[in-house]
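The chains referred to below are lettered A, B, ... by the order of the sequence lines, with proteins before strands, and numbering in each begins at 1. All figures in this text were calculated on a predicted structure; none of them were measured in a lab.
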2 protein chains.
Amino acid sequence: MSSKSVADSSRRTRRGVTSVDVAAAAGVSQATVGRVFSSPEKVSPATRDKVQDTAARLGYVPNVIARSLKSQRTNIIGAVVPAFGEYWQSVLTEFSRQLATKDRQLLLFSFAEPGDVDGVLASVAQYRLDGLVLASATIGQDQLIQMRESDRPVVAFNHPAATGIVPSVSVDNEAGMARLAMHLINTGAREILYVGGVSSASTDQTRYRGASRTLGEHGVACTYLEAGAFTYEAGYKVAQNIVERQPSPDAVMVSSDEVAFGVHDGLRAAGVQVPDDLLLTGFDGLSQSAWAGFDLTTLVQATDVLVARAIEILLADDRSPASDPVSVVVPGTIRFGKTTVTTP
Amino acid sequence: MSSKSVADSSRRTRRGVTSVDVAAAAGVSQATVGRVFSSPEKVSPATRDKVQDTAARLGYVPNVIARSLKSQRTNIIGAVVPAFGEYWQSVLTEFSRQLATKDRQLLLFSFAEPGDVDGVLASVAQYRLDGLVLASATIGQDQLIQMRESDRPVVAFNHPAATGIVPSVSVDNEAGMARLAMHLINTGAREILYVGGVSSASTDQTRYRGASRTLGEHGVACTYLEAGAFTYEAGYKVAQNIVERQPSPDAVMVSSDEVAFGVHDGLRAAGVQVPDDLLLTGFDGLSQSAWAGFDLTTLVQATDVLVARAIEILLADDRSPASDPVSVVVPGTIRFGKTTVTTP
DNA sequence: ATGTTCAATGACTACGTAAGCATTGAACCC
DNA sequence: GGGTTCAATGCTTACGTAGTCATTGAACAT
């Protein structure tokens, strides 16, 4: 009358072989099975082998959910990232790649509209993540402050306005744009236009400050023009505006590569030659900026370094709320392309 | 002698307010607190308000980990995706965006080398995910079979070789490439070269078949050339090879847009004019393919539709192992750019 | 031989929630 | 008015693991 052991084991295989099952089959306690998988050095080689064999035979896989509940650690890092944009996609990819080498996974929380961030953060809170990356330059001060209160490690990625509120990692936006500005001045540009993406983004503000301050110090004015989005299309459209401008500018500095690509193509469509009629610079150093079609002069962010530093901060787990939040600033590198000239 | 309630509550706020804490503070049972958050209609409005107020005051946030352990559902979908490539980044973004609207999150498992897939899948198994997307055309048959045995919903995304083994969603790779081939024939191309990315990718094989079959039916030969990777650089490099080829081709069909971009720029660098000297087609319909600099003739995948269908399959939860796995094929659309001509 | 030490293992419980079942009490029916 | 019904709520347990503590027994020292 007893159910066939074969049927039973197949049912077991079908869903949820637990450490208890393995323990029973191997003739040891559940605790020992657990040890084999979490701290094998505490188990004698003989038992270890026996348990591992049994586990493999039954198809046992440790349940991370249960482990997380018990240990209060998930081994998962969350990332709050805008749903669009080449730059964020590349950052995300880099995070995922680097975390994988540290046996951490990346849980994605993307949002399409800045207004969605509140909802996303509420959702984030439910997961007891080991850390959280805030990768958006439009997250508000109040939301950052709220995040600081959380007991989980947080790091703001390339969000200058977050400095001092939560730990942050950024490229040196201001200095980078300042150096691009110097480059333009050195090559003789005197009428310079700045094209921003979204003026509320803190990166946009900081980069513009880098440009306008440096240009101002050299007596060059720098008008700010907002594309309205960090997209190719926005850049393409704003190019028309640039062409019609009087006095016509010598150079256009763009807040981001993706927008700069659009400006580049939009200018060409309008018959403006880069760099003959107009110099053009970008920012970010996206892989496409090096493509022959653009070969854009831009500030290259060492994304891998930025990401590595961000991960360090998250995993350091320095739960020392007393000290000021760390703020890492990584310098960028100018890559000189053919959208500017090197000899004045 | 009792500890100050203030101190106690602050400690509570610091880490881990549970439904039990809320229950005690609100003077109800833990079960009622749980109901307020999972099935509020089962609780009287008065109690509901009381509990919600108390929860807000204490800063209670339901613990998804515990919920998952109990309910056996995580609300998380896993995605196994190559770490590199514009195409996969865009697919990933689309998944994340669509899942967010369904209150699901995306857990990323990226891998850099095809050989890493085994390790990744082992890691995946530990999470009791509600579903898994296999988004890579290089996952092997044995691994797919292994996944089929899993009790969790799985869907292969754009991996033709997975058809019949696990549920899958693909663009119509073969028909799409066939139509591009017809387009080239119609415009008079007679010496056609096919540039693949990685020949072991099942999309690569299927697309090549679409091209070679159609061309063959019209008496046109189609040599296969492997770029070696699905990257811009690989395409750029292979362009040199194309240029030196004898007899020199009229047209080049490329397996993917990203490689096509490289071929495009590589050809231009070598002094070959597209489309005057040579016609060029891509595949995927990446957003960059529409950029003015390329304006590539390509097959546009309706990524949003593909992703939507994949999510449907995952969430349908048709645990009917008897029937054959579904296989959805979504047609693509040719976008005619300036890398080919429309009048023969 | 007896005590000491320590590696190996087992028993037990907590992690935070949800679902099943039991209980209460008010509204309702004849 | 006593029985029936049902909404509202409480009690209890299970989810699968890991850490704490207790127990065992072998190796070793005295």
Nearest-neighbour nucleotide for the B:L69 side chain, D:dG10, C:dG16, C:dG10 considered | C:dG16
Among side-chain atoms of A:N158 and A:T203, is any donor-acceptor pair under 3.5 angstrom?
-> no
Does B:K42 make a side-chain donor-acceptor contact with the base of D:dA8, cut-off 3.5 Å?
-> no
Check: B:R128 side chain, D:dG16 base, donor-acceptor under 3.5 Å | no
Compare the minimum distances between each of D:dT17, C:dG10, D:dG10 and the side chain of B:A31, then state the nucleotide with the smallest one.
-> D:dG10
Between D:dT17, D:dG10, C:dT17, which nucleotide gets closest to the side-chain atoms of B:R35?
-> D:dG10
Side chain of B:T18 (C-beta onward), nearest among D:dC11, C:dG16, C:dA18 | C:dG16
Have B:Q89 and A:S90 got a donor and an acceptor in their side chains that come within less than 3.5 Å?
-> no
Of the candidates D:dG10, D:dA14, C:dA8, the side chain of A:S44 sits closest to C:dA8
Under 4.0 angstrom, heavy atoms only, what part of the nucleic acid is B:T47 near: base, sugar-phosphate, or nothing?
-> sugar-phosphate
Give a yes-or-no answer on whether the side chains of A:S29 and A:T32 include a donor-acceptor pair shorter than 3.5 Å.
-> yes
Out of D:dT9, C:dA18, D:dT17, which has the shortest distance to the side chain of B:T32?
-> D:dT9
